[in-house]
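Residue numbers count from 1 along this sequence.
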Amino acid sequence: YGLAANGDGTPTGDVTGSTQFDAAFGCTLQEFFPDADGDGFGNSAFSTAAGCTGQPPAGYAAQGGDCADGDATVHPGAKEVCNGKDDNCDGQTDENAPFVQMWPDDDGDGYYQKQTGTPLMGCGGVPGYAALGGDCAPKDPKIHPNAMEICNLIDDNCNGIIDEGVRPACGVGFCRRESSTCSVSDCAPGVPSTEKCNLLDEDCNGIVDDGDACGAGQTCVVGQCLPTSSEEPGTVGAGGTSAVGTGGGSAGAPPGATGGRAGSDESSSGEGGALGSRPNEPAKAASSGCGLGGNAGDPAEWSALILVCAALARATRPGSRRRAKRRPHQG
């Protein structure tokens with residue numbers, strides 16, 4: 001957390017601010033790029049993920065620069081071929097590509113319908129000839145493969161589907177439907193159903209897995225029904241007093257600990273509640289508490305959280321370091 005100050009020298013007009021950052025423990029941090037087509041190159045235009053060097057998360061790649069992340073044949077360093085694409089993502093199309101047979105293209109849209117007539121060898125730039133086939137309307141230059149689909153009851157891109165993805169839609173969640181025509185007045189949304197815990201919005205209220213999606217005694221967590229816990233997972237802090245250890249008690253702490261709960265089944269040396277307080281001394285969670293969210297059912301995640309909290313405890317324990325004096329706020 002931080003303070004976004006406006007620099008006017010007064011204590012007004014300033015607001016709190018926050019940001020997120022990635023961190024690596026025990027390894028070198030590396031940025032990874034989303035790789036939808038699995039070609040080993042990610043799209044640099046989308047959000048990245050962080051991880052240890054040489055260990056990309058599933059669906060990510062260590063190298064970016066993919067200009068067509070839906071096509072595994074297109075990526076930096078790929079061989080350029082005569083296909084009307086920028087195969088190697090260098091900003092050029094078909095440069096120095098080997099020649100192929102070109103066939104008559106009557107409408108000049110760069111695509112031929114059939115391999116009829118007299119062919120010639122080349123790669124683009126030859127008037128009346130094309131190296132790519134699949135034209136479903138050889139007399140209309142606006143209709144060909146890779147053309148932009150528009151709502152006009154015509155298959156503009158020659159993929160065998162009419163007006164896909166461009167018809168007006170209505171409804172939300174699982175009830176979202178496309179109109180049968182290009183008019184929104186002909187659109188009928190689906191019928192809502194009982195909400196289930198499956199990452200879908202069956203009751204069509206715009207919220208996924210809300211309400212009683214799992215039934216009594218269970219809570220929907222990322223598409224799975226898990227037993228509802230009476231504990232408050234992921235909270236460490238606001239402890240009371242403890243006879244053993246530093247700070248208020250944590251789950252599993254020795255007898256006499258009455259402070260906050262760590263949400264796990266094991267104690268981290270009694271370092272729960274307000275980190276940095278002394279034995280038998282009321283906790284001071286406001287200045288040294290540790291509040292980290294986490295999955296109480298995941299031992300690995302709790303181990304990591306306990307290590308972080310333990311580090312904070314050492315950093316805030318009396319005598320471990322000199323505390324900075326609080327200065328008056330200046331805008």
Side-chain angles (χ1 to χ4, degrees), residues 34-39 43-47 66-75 78 80-89 91-95 97 100-120 122-193 199-206 208:
D35 181 16
D37 54 19
D39 60 5
N43 191 334
S44 305
F46 290 92
S47 299
D66 197 336
C67 56
D69 203 26
D71 188 340
T73 65
V74 177
H75 55 78
E80 194 74 24
V81 296
C82 187
N83 56 5
K85 301 179 182 179
D86 178 13
D87 300 283
N88 55 13
C89 297
Q92 303 180 62
T93 301
D94 295 343
E95 76 279 6
V100 297
Q101 276 192 334
M102 303 182 68
W103 298 89
D105 173 21
D106 295 335
D107 57 11
D109 59 6
Y111 295 85
Y112 63 83
Q113 183 183 34
K114 297 180 180 179
Q115 294 183 352
T116 57
T118 303
L120 55 80
C123 182
V126 181
Y129 283 82
L132 304 175
D135 197 341
C136 58
K139 301 298 183 181
D140 190 338
K142 295 182 294 183
I143 300 177
H144 57 77
N146 294 322
M148 179 180 294
E149 191 76 14
I150 59 176
C151 197
N152 55 6
L153 304 181
I154 297 175
D155 179 15
D156 300 282
N157 57 11
C158 297
N159 67 347
I161 307 174
I162 295 176
D163 296 342
E164 74 279 5
V166 295
R167 296 185 183 186
C170 58
V172 297
F174 208 60
C175 298
R176 185 174 178 81
R177 300 290 187 274
E178 281 191 350
S179 175
S180 58
T181 68
C182 291
S183 174
V184 69
S185 61
D186 295 325
C187 183
V191 179
S193 59
L199 300 179
L200 298 175
D201 177 21
E202 286 93 353
D203 59 5
C204 306
N205 65 349
V208 174

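- Note that NZ of K85 is 5.0 Å distant from OG1 of T73, once rounded to the nearest 0.5 Å.
- The closest side-chain heavy-atom distance from T116 to P104 is not below 4.5 Å.
- By the side chain to side chain contact (heavy atoms under 4.5 Å, CB included) test, Y112 is found to be paired with W103, Q115, A130, residues two or more places apart in sequence or in another chain being considered.
- From M102, atom CE reaches atom SG of C123 across 7.0 Å, with rounding to the nearest 0.5 Å.
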Quiz prompt | side-chain contact (heavy atoms from CB on, under 4.5 Å) evaluation trace for S179 with V184 | solution = CA-CA 6 Å; S179 175; V184 69; 5.9 Å; no
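- Between R167 and T181, the closest side-chain pair of non-hydrogen atoms is not below 4.5 Å.
- Within the 3.5 Å criterion, the main-chain N or O of V81 finds a donor-acceptor partner in the side chain of D87.
- With rounding to the nearest 0.5 angstrom, the CG atom of D86 is 6.5 Å from the CD atom of E95.
- Contact record, C82 with G124: SG-N, 4.5 Å, taken as the closest heavy-atom pair.
- Using a 4.5 Å heavy-atom threshold, the side chains of N159 and E164 count as touching.
- For P189 against C187, the heavy-atom pair with the smallest separation is CD-O, 4.0 Å.
- Residues G134 and P145 share a closest heavy-atom pair of O-CG, 3.3 Å.
- Counting heavy-atom neighbours within 6.0 Å of Y129 OH, excluding the residue itself, gives a total above 12.
- Listed for the R177 side chain is no donor-acceptor partner under 3.5 Å among the backbone atoms of C170.
- For the pair N152 and C182, the minimum side-chain heavy-atom distance is 4.5 Å or more.
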Self-check item: L132 and N146: CA distance, side-chain angles, deciding distance, side-chain contact (heavy atoms from CB on, under 4.5 Å) verdict
Solution: CA-CA 11 Å; L132 304 175; N146 294 322; 5.9 Å; no
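- Across all their heavy atoms, I143 and D135 have their closest contact at O-OD1, 3.1 Å.
- In this structure the side chain of E178 never reaches within 4.5 angstrom of the side chain of D163, judged on heavy atoms.
- Residues D155 and C136 share a closest heavy-atom pair of O-SG, 4.1 Å.
- A salt bridge links K139 with D106: the closest approach of a Lys/Arg side-chain nitrogen to an acidic carboxylate oxygen falls below 4.0 angstrom.
- Interatomic distance, D201 CG to C175 SG, rounded to the nearest 0.5 Å: 7.5 Å.
- Of the inter-residue distances, the one linking I154 atom CD1 with D140 atom CG reads 7.5 Å to the nearest 0.5 angstrom.
- Panel note: side chain D156, backbone I150; a donor-acceptor pair is recorded below 3.5 Å.
- Put simply, CD1 on I162 and CG on N157 are 10.5 Å apart, with the number rounded to the nearest 0.5 Å.
- Here the closest non-hydrogen pair linking F46 and N43 is CE1-ND2, 3.1 Å.
- No donor-acceptor pair under 3.5 Å is formed between the side chain of D39 and the backbone N or O of D69.
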